[in-house]
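What follows is a single structure, written as structure tokens, with notes after it.
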Protein chains: 2
Amino acid sequence: MAIEGALPMKEGNARFSQVEFVNRVFLGDALEVMRRIPGGSVDMIFADPPYNLMLQDPLYRPNQERFEGVSEEWDRFASFGEYDAFTESWLRECRRLLKEDGTIWAIGTYHNIFRVGKIMQDLGFWILNDVVWIKANPTPNFRGTRFNNAHETLIWAARDRESRYTFNYRTMKAYNDDLQMRSDWHIPVCQGKERVRIGGRKAHPTQKPEALLYRVITSCTKPGDIILDPFAGTGTTLAVAKRLGRRYIGIEKNEAYLRVCEERLRRTVPYPEDILPNRLEERPRRVPFGELIERGYILPGEFIYSPDRTYRATVMADATVTCGGLTGSIHRVSAQLLGKDANNGWHFWFVEREGTMVSIDELRQRAIRDGGEPPQQA
Amino acid sequence: MAIEGALPMKEGNARFSQVEFVNRVFLGDALEVMRRIPGGSVDMIFADPPYNLMLQDPLYRPNQERFEGVSEEWDRFASFGEYDAFTESWLRECRRLLKEDGTIWAIGTYHNIFRVGKIMQDLGFWILNDVVWIKANPTPNFRGTRFNNAHETLIWAARDRESRYTFNYRTMKAYNDDLQMRSDWHIPVCQGKERVRIGGRKAHPTQKPEALLYRVITSCTKPGDIILDPFAGTGTTLAVAKRLGRRYIGIEKNEAYLRVCEERLRRTVPYPEDILPNRLEERPRRVPFGELIERGYILPGEFIYSPDRTYRATVMADATVTCGGLTGSIHRVSAQLLGKDANNGWHFWFVEREGTMVSIDELRQRAIRDGGEPPQQA
DNA sequence: GTTGAGGGTGAATCCAAGG
DNA sequence: CCCTTGGATTCACCCTCAA
């Protein structure tokens with residue numbers, strides 16, 4: 001088992017430390033290796049488990065050539081029950097490994113995805129989306145017996161219902177020509193130069209396209225995040241993770257696949273940090289109204305006005321404002337003046353500066369631009 | 001319960017006869033009504049089950065008092081369990097009602113479809129396809145927290161693995177500009193005139209577009225087939241079934257929906273029988289090679305040739321052909337000559353007629369056109 | 001260099017009838 | 001029931017090679 005780069009297993013039940021398990025590919029069974037990794041240490045998991053295809057007879061193309069599908073032993077299970085038990089075991093371990101706010105992706109087809117999704121729900125994962133990968137160039141239905149099976153399904157779920165997961169909404173929107181990224185992704189299957197071949201034959205029967213992983217990883221992780229792929233195969237997830245400046249953990253049971261995987265990772269060069277696609281998600285630090293007073297942008301005792309100067313309120317030292325008999329936050333008082341349940345005070349109130357009205361929201365923008373330090377005291 | 005057109009329930013456990021249950025809409029619980037229908041009497045089922053039973057609205061949660069003090073996990077388990085029990089019960093009854101070769105469709109979203117699909121597999125349904133209905137105009141994700149949920153999933157399954165189900169392959173291919181119909185269907189949501197409204201408000205929250213049902217029904221039923229919709233809602237399935245010359249059975253628990261449904265059916269006019277789309281599936285009578293000899297299109301002792309005249313075989317009186325040392329059917333001999341396991345001899349062999357080469361498949365077409373009678377004997 | 005023809009290929013639960 | 005046999009059945013994309 002002298003696999004270069006693969007870490008030998010620890011004695012007994014000892015678990016790896018982070019420096020040991022990050023940016024590595026392990027040779028071994030997903031379940032057994034996962035058990036050696038401490039809980040709560042992974043930001044995102046991408047899992048492409050066996051589909052349990054249950055193929056019977058060989059399939060021939062219309063020209064009588066034999067279609068080379070998935071004949072591998074690893075896709076064969078004795079029954080639904082056995083597949084379910086396998087699925088529950090690795091999903092349960094995945095859940096342990098995820099950080100509180102971590103998310104998981106699982107991909108499959110109608111052969112297995114319903115069972116996977118059902119078990120994910122039962123284990124407490126909170127499904128955020130199902131995404132359909134629509135193939136531009138699927139394998140046709142050679143016998144004309146069904147609809148052409150032209151898609152696969154991905155399930156994206158958070159560890160818990162309460163997880164405050166990462167979703168790079170603005171990035172994905174920009175990615176999609178400023179329209180919300182939808183749940184249907186049109187991506188070609190993995191072909192051509194990208195397909196890893198050994199001696200002219202495909203190295204792995206189900207290699208996923210890098211474009212798919214690019215979108216997955218970009219959508220829900222940040223640079224530096226730790227991504228686990230328990231069924232690494234030829235390492236598509238890991239290579240894209242590395243390219244995008246994420247850290248990775250791979251597990252692969254098949255030694256031939258693992259070798260492909262490591263060679264591929266050696267050739268993969270990360271993008272420079274400054275072009276990693278996360279800028280759109282860098283939200284400015286929140287500056288509450290009280291901070292404007294602390295930092296001297298507004299002075300206690302000053303007046304703030306409604307847009308048409310109909311209302312005038314006094315700013316108190318504790319960051320409440322008073323107007324007539326009303327006292328409360330800038331939001332609450334403005335809401336009451338307007339007879340509404342809620343209102344955004346930042347856009348309602350103005351102060352006078354050098355003879356003109358200035359929105360307090362504008363002052364807030366200035367405070368953010370000025371940085372964390374309060375302005376010079378007079 | 002004076003619902004016009006709705007049939008009163010029978011006393012006890014008596015079951016309806018076909019004339020009683022066909023082309024009707026029943027007011028009542030899906031399970032209870034299905035139990036009154038004899039088994040093996042339905043060709044196709046389209047089911048759009050409720051999926052908002054759990055974890056959504058406090059009204060539908062399990063009784064708080066009963067589960068007082070239990071953890072979130074138990075609460076979740078209880079809810080999923082309840083939904084699963086409900087799902088299994090109606091699916092089991094559907095399976096009883098289906099003919100041996102019948103098929104079923106179920107539609108849902110990630111909230112419920114994985115559970116539905118898993119239970120279908122467990123009950124013995126054999127999934128043929130999952131189809132994704134991709135919405136041209138989905139509701140946006142207002143909060144920007146996930147991908148825009150722009151699709152729903154349909155599962156199409158046969159009653160058994162061995163079912164010889166109906167799939168109108170050629171019809172669907174023509175429907176799709178002579179390309180195989182794929183598993184991704186791009187159809188707008190139900191809007192505008194098609195959307196049933198009562199007093200300006202939509203009558204039903206999840207009315208499906210007729211285009212979706214049109215494609216479903218066209219793809220896997222024949223005119224006259226009996227189609228069941230156990231959760232009929234506003235009756236989209238039934239109306240399209242009627243329009244396409246299929247028979248229908250509807251079940252709807254909500255009296256307001258049922259009224260909409262029946263009014264809609266009254267307004268629905270079936271297409272004339274002669275334009276119903278099933279012609280492409282009418283396969284011509286099979287004419288075996290021997291019949292061409294019996295009927296004098298080819299004479300025993302004649303030669304037949306491969307396309308490039310490389311090979312020449314002799315037609316024997318028993319409809320075998322011989323070429324060199326090979327003897328067998330037109331198919332077997334052509335396969336052996338080509339070094340393949342199998343080959344279609346109809347497209348391989350030619351005869352000479354008036355100085356030109358004529359495909360024996362062409363002779364077969366003539367024989368079919370000439371009708372069942374052998375040509376006049378000389 | 002460009003274009004076009006031709007061949008290869010992809011997670012596939014892929015037949016029906018008759019003896 | 002199983003086994004044999006007839007004969008129906010494919011789309012988009014990528015690569016190579018020739019013109």
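Computed from a prediction, not measured in an experiment: that's the story for all the values here. Naming: A, B, ... by sequence-line order, numbering from 1 per chain.
- Taking the six-membered ring for Trp and thresholds of 30 and 60 degrees, Phe86(A) and Phe77(A) have ring planes inclined between 30 and 60 degrees apart.
- Pairing each heavy atom of Phe167(B) with each of Glu281(B), the nearest pair is O-OE1, 4.3 Å.
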**Study point:** Secondary structure of DNA chain C in dot-bracket form (Watson-Crick or G-U wobble, distances below 3.5 Å, | marking inter-strand pairs)
**Key:** .|||||||||....|||||
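- Between Trp346(B) and Phe289(B), the ring planes lie perpendicular to each other; the angle is over 60°, past the 30° to 60° tilted range.
- Of all heavy-atom pairs spanning Val216(B) and Phe46(B), the tightest one is CG1-CD1, 4.0 Å.
- The gap from the C1' atom of dT10(D) to that of dG7(C) amounts to 14 Å, rounded to the nearest Å.
- Backbone-only contact: Arg286(B) has heavy atoms under 4.0 Å from sugar-phosphate atoms and none from a base.
- Using a 30° and 60° split on the angle between ring planes, Trp105(A) and Trp156(A) fall in the parallel class, below 30°.
- A donor-acceptor contact under 3.5 Å links the side chain of Gln64(A) to the base of dT9(D).
- Relative to the six-membered ring of Phe125(B), Arg95(B) meets both conditions, a distance below 6.0 Å and an angle of at most 45° to the axis.
- A sub-4.0 Å separation between OP1 or OP2 of dA8(D) and a side-chain N or O of Arg364(B) is present.
- Residue Asn141(A) has no polar side-chain atom (N or O) positioned under 4.0 Å from OP1 or OP2 of dT10(D).
- Shortest non-hydrogen contact noted between Ile217(A) and Ala241(A) is CD1-N, 3.7 Å.
- Within the nucleic acid shown, Ile127(B) comes within 4.0 Å of at least one base atom, counting heavy atoms only.
- Each of Asp341(B) and Asp178(B) has a nearest nucleotide on DNA chain D; the 5'-most of these lies closest to Asp341(B).
- No cation-pi contact links Arg295(B) to Tyr297(B), judged by a cut-off of 6.0 Å to the six-membered ring centre and 45° from its axis.
- Proximity of His331(B) to the phosphate of dG7(D): a side-chain N or O atom is located under 4.0 Å from OP1 or OP2.
- Taking side-chain N and O atoms only, Tyr60(A) has no distance below 4.0 Å to OP1 or OP2 of dG7(D).
- Using P as the reference atom, dG6(D) and dA12(C) are 30 Å apart when rounded to the nearest Å.
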When you compare the protein's N or O atoms with those of nucleotides 6-12 of chain C, which come within less than 3.5 Å of each other, and at what distance?
| from | atom 1 | to | atom 2 | distance (Å) |
| --- | --- | --- | --- | --- |
| dG10(C) | OP2 | Lys202(A) | NZ | 2.7 |
| dG10(C) | O5' | Lys202(A) | NZ | 3.3 |
| dG10(C) | N9 | Thr139(A) | OG1 | 3.4 |
| dG10(C) | N7 | Arg61(A) | NH2 | 2.8 |
| dG10(C) | O6 | Arg61(A) | NH1 | 2.6 |
| dG10(C) | N2 | Asn137(A) | O | 3.3 |
| dG10(C) | N2 | Pro138(A) | O | 2.7 |
| dA11(C) | OP2 | Arg195(A) | NH1 | 2.8 |
| dA11(C) | OP2 | Arg195(A) | NH2 | 3.4 |
| dA11(C) | OP2 | Pro205(A) | O | 3.3 |
| dA11(C) | N7 | Tyr51(A) | OH | 3.4 |
| dA11(C) | N7 | Lys208(A) | NZ | 3.2 |
| dA11(C) | N6 | Pro49(A) | O | 3.0 |
| dA11(C) | N1 | Tyr51(A) | N | 3.1 |
| dA12(C) | OP2 | Thr139(A) | OG1 | 2.7 |
| dA12(C) | O3' | Asn149(A) | ND2 | 3.4 |
| dA12(C) | N1 | Asp57(A) | O | 3.3 |

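- At a threshold of 4.0 angstrom between heavy atoms, the contacts of Arg182(B) with the nucleic acid are absent.
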Review point. Can you check side chain to side chain contact (heavy atoms under 4.5 Å, CB included) on Asp184(A) and Val132(B), steps first, answer last?
Key: CA-CA 9 Å; Asp184(A) 54 315; Val132(B) 284; over 6 Å; no
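- Using cut-offs of 30° and 60° on the angle between ring planes, the pair Phe114(B) and Phe114(A) is tilted.
- Taking the P atom of each, dA12(D) and dC14(C) are spaced 23 Å apart, rounded to whole Å.
- Dashed line: the shortest gap from a side-chain N or O of Ser329(B) to OP1 or OP2 of dG6(D) is under 4.0 Å.
- Backbone-only engagement by Arg170(B) is indicated by non-hydrogen atom pairs under 4.0 Å involving sugar-phosphate atoms exclusively.
- The listed nucleotides are dA8(D), dC14(C), dC15(D); the one nearest the side chain of Arg146(A) is dC14(C).
- Rounded to whole Å, the separation between the C1' atoms of dC17(D) and dG1(C) comes to 15 Å.
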